[in-house]
Amino acid sequence: MPGSRISSKGQVTIPQEVRIRLGLRPGDRVEFVHEGGKTVILPERRQLHSFREYIGAAPGLHTREAIDSWVREIREDDRLPE
């Protein structure tokens with residue numbers, strides 16, 4: 001198993017073999033998780049924006065900006081007296 005040395009700043013280089021196995025690229029974030037007496041490094045779990053799963057679900061709503069605009073229109077309509 002490849003290893004790495006800790007620098008004076010507490011930094012480590014993740015060996016290429018491990019980066020490839022984990023699918024890590026420059027700029028990616030990782031997290032350290034303590035499991036069963038061991039600490040493991042994992043690609044950071046990114047939480048999806050709550051509306052991201054709906055992008056493209058309705059015609060004309062293919063971007064976050066379009067969804068935000070649509071939500072603003074609905075909110076404005078709700079404020080109008082009936």
My understanding is that a hydrophobic cluster links ILVMFWY residues whose side chain heavy atoms are under 4.5 Å apart, including indirect links. Using that, what else belongs to the cluster containing Ile14?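 Taking Ile, Leu, Val, Met, Phe, Trp and Tyr as members, Ile14 shares its hydrophobic cluster with Val18, Leu22, Leu24, Val30, Phe32, Ile41.
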Calculate, to the nearest 0.5 Å, the distance between atoms CZ and OG1 belonging to Arg19 and Thr13 respectively.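 Going from the CZ atom of Arg19 to the OG1 atom of Thr13 covers 8.0 Å.
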Point-to-point distance, once rounded to the nearest 0.5 Å, from CD of Glu17 to CZ of Arg21: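 Reported to 0.5 Å precision, the distance equals 5.0 Å.
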Salt bridge (charged side-chain N to carboxylate O under 4.0 Å, His left out) with Glu31: which residues, sequence neighbours excluded?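 For Glu31 the salt bridge (charged side-chain N to carboxylate O under 4.0 Å, His left out) partners, ignoring immediate neighbours, are Arg45.
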Might you confirm whether atom CD1 of Ile74 has over 12 heavy atoms from other residues, nucleotides or ligands at distances under 6.0 Å?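 Atom CD1 in Ile74 is crowded, with more than 12 foreign heavy atoms closer than 6.0 Å.
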